[in-house]
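Counting starts at 1 for both ligands and their atoms, in listed order. Everything quoted here is computed from the prediction, not taken from an experiment. The basis for the numbers below is simple: all heavy atoms, side chains too, and nothing from hydrogens, waters or symmetry mates.
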Amino acid sequence: MTETGSISIHTENIFPIIKKFLYSDHEIFLRELVSNAVDATQKLQSLARQGEFQGELGELKVRVTVDRDARKITVSDHGLGMTGEEIKKYINQIAFSGATEFVEKYKEKDQQAKDQIIGQFGLGFYSAFMVAREVEIWSKSYKEDAATAHWTCDGSTQFTLDEYTEGVHVKAERGTDVVLHVAEDSDEFLEEARLRGILEKYCRFLPVPIEFEGQLVNDTTPIWTKQPADLTDEDYQKFYRELYPMSMEEPLFWIHLNVDYPFNLTGILYFPKVKDELQFQRNKIQLYSRQVFITDEVKDVVPEFLMLLQGVIDSPDIPLNVSRSFLQADANVRKINTYITRKVADKLGELFRKDRVGYEEKWNDIGLFVKYGMLSDDKFYERAKDFALLKSVDGKLYTITEYQEHVQANQKDKTDNTVLLYTTDPEAQHGFVAAAQARGYDVLVFDQVLDPHFIGLLEQKLEKTTFKRVDSATVGQLIEKEETTESVLSEDDQKKLEEVVTAAISDPAMHVKVAALSPQDAPVVITRNEFMRRMKDMQRTGGGGGMQMFGSLPDSYDVTVNANSPLASKMLADNGSTVAKQAFDLALLAQGLLKGEALTQFVKRSTELL
Ligand SMILES: Nc1ncnc2c1ncn2[C@@H]1O[C@H](COP(=O)(O)OP(=O)(O)OP(=O)(O)O)[C@@H](O)[C@H]1O
């Protein structure tokens with residue numbers, strides 16, 4: 001006896017709409033069907049645990065097979081099965097009413113609203129129609145004396161349902177076979193390699209064995225589902241290699257996430273060795289929901305600064321059909337985000353406290369995460385400020401507080417501000433670094449892309465503290481003190497000296513002034529004002545629009561002529577050119593600014609002088 005009927009939905013042609021718009025990725029049909037088969041298997045297992053099912057469980061495998069010639073894909077499980085009544089209820093009503101509701105809502109809305117709607121609907125079973133022209137279900141419930149139910153549908157609103165208690169159509173075993181008759185436009189899904197690829201992507205860690213063409217494709221107990229106490233370092237490293245077989249490096253360390261209240265989340269996050277930005281792009285964090293792979297676009301779930309991490313996150317509280325706008329609005333997702341940030345901070349803090357030496361060795365690789373985190377998340381800043389490290393040119397690492405104490409005695413200016421000196425390039429700025437060190441100052445190295453922003457952040461957060469690049473002023477003026485050095489030159493001579501040097505240089509970008517430095521200091525020093533340099537740098541790297549005015553200014557430099565240098569009187573006596581030019585070129589050389597013809601002239605002049 002065949003029952004035919006109309007699926008109670010009021011929309012014509014939902015099929016084409018869903019096929020076109022629901023998922024841009026048609027391949028997920030297989031994920032949906034295999035997940036349903038896994039669910040059916042697990043439901044039976046729990047019925048057995050509760051004593052409601054007392055029969056033989058048998059081998060609980062999900063089998064996927066493809067028959068290219070017959071254009072069929074079959075997903076079979078040995079789970080709890082469905083009676084005819086249940087098919088009507090769960091497939092006709094639930095699966096299809098979900099689809100109808102989806103289409104109704106979908107029709108009226110603009111694209112943004114559409115994205116949101118897609119996120120809310122798990123159309124599971126219905127997604128089979130994205131690749132099949134017809135779908136059959138053969139099912140036999142675990143319930144005693146259940147008939148074999150056979151349902152067919154071609155994606156229209158018509159279905160047929162038969163039940164067999166005898167004859168060739170009786171299913172030998174409990175469970176469900178879903179048979180897809182693959183549509184003409186979906187030939188790719190008849191390729192064995194294509195299907196295997198899809199299974200490996202989405203089903204690799206499903207909790208029930210999945211067999212494809214006779215071969216097992218999954219690991220049913222990936223390590224994130226286990227207790228950290230039961231795992232060794234080797235287990236974590238092995239899993240890392242399993243996730244990223246192409247990665248050359250071992251991870252630096254990892255965090256095992258495990259929480260069940262107020263949301264459910266497990267996972268393992270690895271801190272990779274930082275090689276280059278491209279590497280991060282490849283080895284992304286993978287998002288799972290009950291061991292089903294969902295996506296590796298984890299934006300919004302993971303704080304942006306932690307996108308550089310690798311590993312897996314598994315949470316049933318993250319909706320399966322991830323859509324961006326939906327994720328952003330989801331309260332669980334926000335909580336997860338906060339939780340991950342906290343766990344990462346805890347882990348770093350623990351590494352720092354328990355093994356300072358090991359932590360310092362890793363700093364080069366983790367510094368980027370930490371600084372990025374401090375910049376982008378205030379709560380993370382509060383936690384990380386105790387284990388963020390500053391590197392001195394001599395290679396020593398200090399926490400912020402340690403460093404402030406370290407330079408306390410020498411580096412306070414006359415207004416009681418602590419001035420922290422830094423170099424962005426210890427090689428190129430060597431002369432300035434050496435001069436600062438000779439004064440008893442310490443110099444930090446800030447040579448990473450993020451560092452200019454990090455400096456800005458620290459200046460905001462730390463009281464009475466400013467940063468100055470070593471070449472932003474002459475060493476005597478880097479940290480302004482009460483004491484002043486007397487000039488040995490008279491005021492008239494100082495004025496004359498300024499004129500002589502200005503004339504010798506004849507470059508409007510160079511602002512010459514005479515100052516009384518120590519006799520041991522260089523005769524001429526070229527510096528770039530800290531504020532102007534920062535503004536121009538920001539403008540160059542595309543910073544705020546307001547910086548435009550600074551960007552359009554020509555580069556300008558301060559040229560300080562040392563009135564107390566023995567060469568000052570020579571410049572005066574010489575009345576100009578040679579000595580002044582030579583001293584100026586030496587200063588340019590120290591700043592790495594002497595190039596081209598000026599350099600040739602300098603070499604020639606130097607040879608003559610010798
Ligand atoms: N292989 C199967 N064995 C037993 N029941 C099944 C099977 N496949 C589907 N079902 C039943 O049909 C229902 C509808 O399936 P569908 O995939 O559309 O939605 P869902 O699984 O409830 O939700 P999701 O959108 O998360 O997949 C299921 O809840 C389940 O009761």
(request) Give a yes/no verdict on a cation-pi contact between Lys362 and Phe253, requiring under 6.0 Å between NZ or CZ and the six-membered ring centre and an angle within 45° of the axis. (result) no

(message) Could you tell me, atom by atom, which parts of ligand 1 come under 4.0 Å of a heavy atom of Asp77?
(response) 1 (N), 2 (C), 3 (N)

(message) Taking 4.0 angstrom as the limit and counting only heavy atoms of Ile91, give me the atoms of ligand 1 inside it, by number and element.
(response) 12 (O)

(message) Heavy atom to atom 4 (C) of ligand 1, shortest distance: which of Ala40, Ser289, Ala37 holds it?
(response) Ala40

(request) State whether Arg194 and Glu27 are salt-bridged, where the test is any N-O pair (Lys NZ or Arg NE/NH1/NH2 against Asp/Glu carboxylate O) under 4.0 Å. (result) yes

(request) Using a strict cut-off of 4.0 Å, indicate which atoms of ligand 1 neighbour a heavy atom of Tyr90. (result) 11 (C), 12 (O), 13 (C), 14 (C), 31 (O)

(request) With heavy atoms of Phe125 as the reference, note each atom of ligand 1 found under 4.0 Å away. (result) 16 (P), 17 (O), 18 (O)

(request) For Phe352, enumerate each residue passing the ring pair (Phe, Tyr, Trp, His ring centres under 6.0 Å) test, keeping only those at least two apart in sequence or located in another chain. (result) Tyr359

(request) Establish, for the pair Lys371 and Phe454, whether the NZ or CZ atom is under 6.0 angstrom from the six-membered ring centre and no further than 45 degrees off its axis. (result) yes

(request) Over 60° means perpendicular and under 30° means parallel, so classify the ring planes of Tyr126 and Phe129, tilted if in between. (result) tilted

(request) For atom 17 (O) of ligand 1, state which one of Val62, Asn36, Asp177 supplies the nearest heavy atom. (result) Asn36

(message) For Asp177, is there an ion pair with Lys171 - N to carboxylate O distance below 4.0 angstrom?
(response) yes

(message) I want to confirm something. Looking only at heavy atoms, which of Arg31, Lys43, Arg290, Lys89 is nearest to atom 30 (C) of ligand 1?
(response) Lys43

(request) Find all atoms of ligand 1 within a distance of less than 4.0 Å from any non-hydrogen atom belonging to Glu32, and give their numbers and elements. (result) 27 (O)

